[in-house]
Amino acid sequence: DQQVKQNSPSLSVQEGRISILNCDYTNSMFDYFLWYKKYPAEGPTFLISISSIKDKNEDGRFTVFLNKSAKHLSLHIVPSQPGDSAVYFCAASADWAGKLIFGQGTELSVKP
Amino acid sequence: DGGITQSPKYLFRKEGQNVTLSCEQNLNHDAMYWYRQDPGQGLRLIYYSQIVNDFQKGDIAEGYSVSREKKESFPLTVTSAQKNPTAFYLCASSIREGATEAFFGQGTRLTVV
């Protein structure tokens, strides 16, 4: 049972445009959501997070939106840059952090 | 510099042999975790430990074993009972209380031939 789902395995965007990565979850007990960025053969690095008491969190070019009623979150990157090309994982936690449930990942390609 | 160190980065073993992956952290984090990454399946939790001398099974613990004798160390043994051990293994740690994100090591690519 996949509790966190990223239904788009890949996304291609032109440099300067907006990238929107989506994530759906099924467990209504999840109260903390995170996005990680991962390059091949490296560990994921934390990007941005959001608590269930908020619906938006912004950090520079990255914004995460949370729609609790739809059990959906999204990551917006604007403007997109070639260096943003990587695999992006969303993750969720229902209790103390660390025991994270990850989605399958979306590979973002930003073309010059 | 504080961080999580996994070693080795690449590891080859013959089928039927046990192998131990190392994970060390100097972040003073109480909690540590092992994840496995397979293509198209994201990261799946193998084992986690909230405190020294205590650990719990994750979603795919069969064929794996761990120990947590020291706060800084959380080695993972891939036993011969693991049916499909070739994968990319990631170790992570986090502050136990009021934590937010987990910090990951660089990973170990295990290939069983």
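Within every chain, numbering begins at 1; the chains are lettered A, B, ... in the order of the sequence lines, protein sequences first and strands thereafter.
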Let me know if [X] has heavy atoms under 4.5 Å from chain A in its side chain, its backbone, both or neither.
X: B:D38; value: neither
X: B:Q6; value: neither
X: B:L43; value: both

Checklist outcome for this item: Residue pairs passing the salt bridge (charged side-chain N to carboxylate O under 4.0 Å, His left out) test with at least one member in residues 61-86 of chain A, sequence neighbours excluded, are A:R61-A:D84
Checklist entry - Out of A:I77, A:L75, A:N57, which one pairs with A:W35 under the side chain to side chain contact (heavy atoms under 4.5 Å, CB included) rule? => result A:L75
Item to check | Reported CG-to-CD distance for the pair A:N27 and A:Q3, which is rounded to 0.5 angstrom | outcome: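 Between A:N27 CG and A:Q3 CD, I get 5.0 Å after rounding to 0.5 Å.
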Checklist entry - How about B:F55 and B:F74: are their ring centroids closer than 6.0 Å? => result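 No, the ring centres sit 6.0 Å or more apart.
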Checklist entry - Any chain of hydrophobic side-chain contacts (each under 4.5 Å) joining B:I46 to B:Y33? => result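 In one cluster with B:I46: B:Y33, no.
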Checklist entry - Of all of A:S51, A:A91, A:G105, A:P44, which one pairs up most often with chain B through heavy atoms under 4.5 Å apart? => result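 With the most close heavy-atom pairs to chain B, the winner is A:P44.
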Item to check | Leading residue by heavy atom contact count with chain B [cutoff under 4.5 Å; candidates A:P9, A:A41, A:G103] | outcome: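 Heavy-atom pairs under 4.5 Å are most numerous for A:A41.
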Next on the checklist: Just to be sure I understand the criterion: a residue of residues 10-18 of chain A counts if one of its heavy atoms is under 4.5 Å from a heavy atom of chain B. Which ones qualify?
Outcome noted: none
Checklist entry - Just checking, is any N or O donor in the side chain of B:T20 or B:T77 under 3.5 Å from an acceptor N or O on the other one? => result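 A pair is found: one side chain offers a donor N or O, the other an acceptor, under 3.5 Å apart.
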Item to check | B:S73 and B:E24: side chain donor to acceptor below 3.5 Å | outcome: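 Side-chain D/A pair, B:S73 to B:E24: present.
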Next on the checklist: Please enumerate all residues that pass ring pair (Phe, Tyr, Trp, His ring centres under 6.0 Å) together with B:Y64, with sequence neighbours excluded.
Outcome noted: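 Expected list: B:Y89.
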Checklist entry - Among B:G42, B:G105, B:G58, which has the most heavy-atom pairs under 4.5 Å with chain A? => result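 So the answer, after comparing B:G42, B:G105, B:G58, is B:G42.
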Item to check | Residues which pass side-chain hydrogen bond (donor to acceptor under 3.5 Å, both in side chains) with B:N18, listed by chain and number, not counting sequence neighbours | outcome: none
